[in-house]
Amino acid sequence: MAFWKPGTVGPGSEVERSVTETAQDLITSYNAATASRSLEHQRTTLPAYQKRKVILHRLNHSRVLILVGHTGSGKSTQIPQYLDEAGWATGPWMIACTQPRRIAVTSVAQRVAQEMRVQVGAQVGYSIRFDRRILEGKTRIKFLTDGMLLQEAISDPLLSRYSVIMVDEAHERSVNTDLLLGLLKRILRKRPTDLRIIVSSATLQSETIKSFFADTLSDGAGNDTLETDPVSLLSLEGRSFPVEIHHLSQPTDDYMERAFQTVCDIHQKEPPGDVLIFLTGKEEVNRLVGQIKDYGSRLLHGKMQLNAFPLYAGLPLVEQMDIFSPGQAGTRRVIVSTNISEASVTVDGISYVIDCGFVKIRTYNPDMETHQLVTTPISQASATQRAGRAGRTAPGKVYRLYTKASYESLSPHMVPEIQRSDLSPIILQLKAMGVENIMDFSFLSPPPIPLVSQALETLNALGVLDDQGGLTPIGEKMVGMPLEPRLAKMILVSGDLGCSQEMLSIAAMLSVTSIFIQPPGEKTEASEAKAQWAVQEGDHLTLLNVYNAYVERGKSSGKWCYRHYLNAKSLERASIIRSQYIALAKKVSLPLVSCQGRVEPILKAIASGYFDHAAQMQGDGSFKCLRNGLTLHLHPESVLFKQSPTWVVYHEVMETTRNFMRDVTAIEPTWLTEVAPHFFKKRQIQPRPRHEEE
DNA sequence: GAGCACTGC
């Protein structure tokens with residue numbers, strides 16, 4: 001393996017245009033096409049239409065309206081139109097409607113524009129990262145991700161352009177939705193008369209949200225212009241079909257086997273209709289798809305045939321699209337999916353759902369400072385949501401691979417994301433929005449204290465927060481950047497080290513997933529291809545190497561990427577993200593300089609961001625974390641896996657079968673004390689003893 | 001020698 005030098009490129013020549021269509025675009029146009037019939041009729045038959053007057057009336061008397069609306073009620077598309085028709089967007093005012101996901105923002109905006117017979121970007125617009133279709137002064141209804149509205153709050157803390165803000169899908173409890181609700185509660189106190197909030201949520205969460213808002217609004221703070229109930233709750237019926245629920249009579253210890261048996265039973269005994277199966281991960285999905293295909297191939301001709309499709313986020317686009325193309329007549333389709341089908345992707349025409357009852361969730365352990373990916377039982381809310389996938393277009397059936405008693409013992413909801421995340425970026429974001437002390441912020445579900453204190457410690461160690469918890473000069477520059485604090489730190493110091501161009505590329509590459517692709521059956525070729533990019537310094541410089549080669553290719557060689565087992569889509573996204581970082585870097589006057597192939601400045605910049613993620617190799621080939629003494633291992637996907645670096649820094653630790661360091665760079669230990677003397681002086685480079693191992 | 005659910009700025 002060679003050392004890094006600029007322009008280290010793998011072999012390859014021709015330049016091809018990259019594919020610009022994404023699966024999301026295709027799904028959006030697919031939905032738009034099926035939805036174009038008799039718009040007016042569809043609008044007036046939606047459950048939301050029956051409640052139009054009530055909704056508008058309530059909004060005149062309550063500052064917060066909580067809508068319990070099930071799928072198919074038409075709330076996301078209709079309510080913004082009712083508000084517009086009722087005059088909530090006259091003069092300078094706008095109506096905002098937030099969604100947790102980009103795809104929902106663009107498809108709902110398209111649908112509403114179509115119903116209003118206007119162009120997207122005119123009276124109806126949307127705003128998501130890297131794509132903004134808003135006409136200032138003309139756009140009245142604006143759809144946006146909740147993350148995007150949070151960004152707007154940095155420059156406009158009172159969100160003063162909006163008369164009504166509707167937060168959709170609040171029951172999903174994403175970090176951004178939770179932050180937004182807390183922020184809106186604060187804004188309501190400062191805008192007592194001219195702001196209305198609509199929160200749409202599923203049943204059980206709605207009471208929590210109601211009391212969350214009620215306790216501020218009933219304390220007499222400027223609520224005299226409105227009558228009686230400052231927080232109002234309204235239920236909208238959905239328009240879905242009944243779903244028959246089956247539980248196991250005895251618990252199973254092998255849901256994979258039961259899932260397979262259930263598919264076979266359905267195929268033999270039930271009338272035509274497609275099947276959706278929920279499993280926990282890619283590996284399980286592929287295994288079951290194989291089994292079902294195998295079974296399907298042995299079916300007699302003349303009988304109904306069976307075909308199986310995998311569905312998970314990392315699936316190549318072409319294969320994901322297979323699911324959305326119409327199936328063959330006389331064939332039952334079985335979609336074997338991860339949790340992506342629970343809320344993110346909707347597959348139409350499902351009559352049977354098989355639910356294994358588990359989900360993989362990512363959690364953060366503040367004591368070890370590690371991330372874990374753990375398989376846990378789902379919540380009752382998730383079980384209901386999964387079941388509902390069978391009743392979207394016709395009555396359906398759900399087969400739960402657990403007992404009725406197990407269902408009843410499930411917790412009503414998942415632990416919200418904010419209670420199991422690394423809070424250090426979140427604290428910075430709150431600072432950007434003017435929340436000085438995180439303990440003063442009103443959280444719908446407050447994060448546990450250990451998470452808060454660990455995040456504050458980390459930010460203090462990074463030199464972002466001073467000992468009083470205030471922003472340092474470097475912290476001021478970091479605030480508002482959509483970057484993890486460690487990455488922001490290494491970018492900011494790279495200006496002085498003379499390698500900001502390189503660090504911006506590395507940070508952009510770390511912000512996207514799956515740069516290297518591994519098609520099934522081409523494992524050897526893929527790892528050989530990756531080895532050609534590998535450099536001895538480690539994964540960060542390898543990523544830089546790939547990015548530079550991609551730029552030299554003119555950024556648009558789909559075929560070239562494919563031949564080198566690189567993900568063209570991810571590289572394209574990295575390049576867009578990099579230009580955003582450059583714009584942000586200019587705002588804080590960061591000098592944009594290149595180190596012209598010198599490697600030491602880059603490595604020192606990396607060390608400055610990750611110094612608290614340093615580890616030393618032990619005699620047995622494992623590593624010991626300098627900060628907390630935890631035993632760590634190089635991930636086999638790291639380019640350093642077969643090397644023997646003595647000292648490394650890492651991006652993060654992911655605990656699966658062991659504690660694996662992901663994205664690792666070899667360093668000189670002397671750099672650590674050089675870039676962070678305060679940190680190592682305080683700790684005297686003594687690993688903190690861990691009681692568990694003693 | 002592993003094998004990562006999902007989303008967002």
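Order of the sequence lines sets the chain letters (A, B, ...), proteins ahead of strands, with each chain counted from 1.
When the P atom of dC6(B) is taken as reference, atom OH of Tyr364(A) falls 22 Å away, rounded to whole Å. Rounded to an integer number of Å, the gap from NZ of Lys282(A) to P of dC4(B) is 9 Å. Rounded to a whole Å, the CZ atom of Arg173(A) is 19 Å from the C1' atom of dA5(B). The separation between Glu172(A) atom CD and dT7(B) atom P is 11 Å, rounded to whole Å. Separating the CD atom of Glu652(A) from the P atom of dC4(B) is a distance of 12 Å, rounded to the nearest angstrom. Rounded to an integer number of Å, the gap from NE2 of His633(A) to P of dG3(B) is 11 Å. To the nearest angstrom, P of dT7(B) lies 19 Å from CD1 of Ile418(A). With rounding to whole Å, Asn286(A) atom CG is found 11 Å from dG3(B) atom C1'.
For Thr656(A), the listed nucleotide lying nearest its side chain is dG3(B); candidates were dC9(B), dG3(B), dA2(B). Relative to the side chain of Ser344(A), the nucleotides dA2(B), dC9(B), dC6(B) differ in distance, and dC6(B) lies closest. Of the candidates dG3(B), dC9(B), dC4(B), dG3(B) carries the atom nearest the Phe660(A) side chain, counting heavy atoms from C-beta on. Distances were taken from every side-chain heavy atom of Phe641(A) (C-beta onward) to each of dG8(B), dG3(B), dG1(B); the shortest belongs to dG1(B). The listed nucleotides are dC6(B), dG8(B), dA2(B); the one nearest the side chain of Thr657(A) is dA2(B). Listed candidates were dA2(B), dC6(B), dA5(B). Nearest to the side chain of Glu637(A) is dA2(B).
Electrostatic pairing of Glu572(A) and Lys569(A) counts as a salt bridge here, judged by a charged N lying under 4.0 Å from a carboxylate O. We find that Lys360(A) and Glu284(A) are not joined by a salt bridge, their nearest charged nitrogen and carboxylate oxygen being 4.0 Å or further apart.
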Hey, can you pull the donor-acceptor pairs under 3.5 Å for the side chains in residues 475-489 of chain A, sequence neighbours left out?
unit_1: Arg486(A); atom_1: NE; unit_2: Asp612(A); atom_2: OD1; d: 3.0
unit_1: Arg486(A); atom_1: NH2; unit_2: Asp612(A); atom_2: OD2; d: 2.9
unit_1: Arg486(A); atom_1: NH2; unit_2: His613(A); atom_2: NE2; d: 3.3
unit_1: Lys489(A); atom_1: NZ; unit_2: Leu462(A); atom_2: O; d: 3.0

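Each of Tyr581(A) and Asn339(A) was matched to the nucleotide of DNA chain B holding its nearest heavy atom; the match closer to the 5' end belongs to Asn339(A). Of the two residues near DNA chain B, Ser127(A) and Arg420(A), the one whose nearest nucleotide lies more 5' is Arg420(A).
Within residues 147-156 of chain A, the residues approaching DNA chain B are Gly147(A), Met148(A), Gln151(A), by heavy-atom distance under 4.0 Å.
Between Asp254(A) and Thr252(A), the side chains place no donor N or O within less than 3.5 Å of an acceptor N or O (distance only, hydrogens not considered).
The side chain of Arg362(A) places no N or O atom within less than 4.0 Å of a non-bridging phosphate oxygen (OP1 or OP2) of dT7(B). Contact annotation: Thr375(A) does not reach the phosphate of dA5(B) (side-chain N/O to OP1 or OP2, under 4.0 Å). Between Thr145(A) and dT7(B) there is no side-chain polar atom (N or O) within less than 4.0 angstrom of OP1 or OP2.
Within 4.0 Å of Leu373(A), counting heavy atoms only, lies at least one base atom of the nucleic acid. Nucleic acid contact class of Tyr312(A) (heavy atoms, under 4.0 Å, all strands): sugar-phosphate only.
Applying the salt bridge (charged side-chain N to carboxylate O under 4.0 Å, His left out) test to every pair with at least one member in residues 166-184 of chain A, sequence neighbours left out, gives these pairs: Lys75(A)-Asp168(A), Arg101(A)-Glu172(A), Arg173(A)-Asp178(A). Applying the salt bridge (charged side-chain N to carboxylate O under 4.0 Å, His left out) definition to pairs two or more places apart or across chains, none involves residues 573-587 of chain A.
Here Glu528(A) pairs with Thr524(A) under the side-chain contact (heavy atoms from CB on, under 4.5 Å) rule; sequence neighbours left out. Considering only residues two or more places apart in sequence or on other chains, Arg362(A) meets the side-chain contact (heavy atoms from CB on, under 4.5 Å) condition with His371(A), Leu373(A), Glu652(A), Met654(A).
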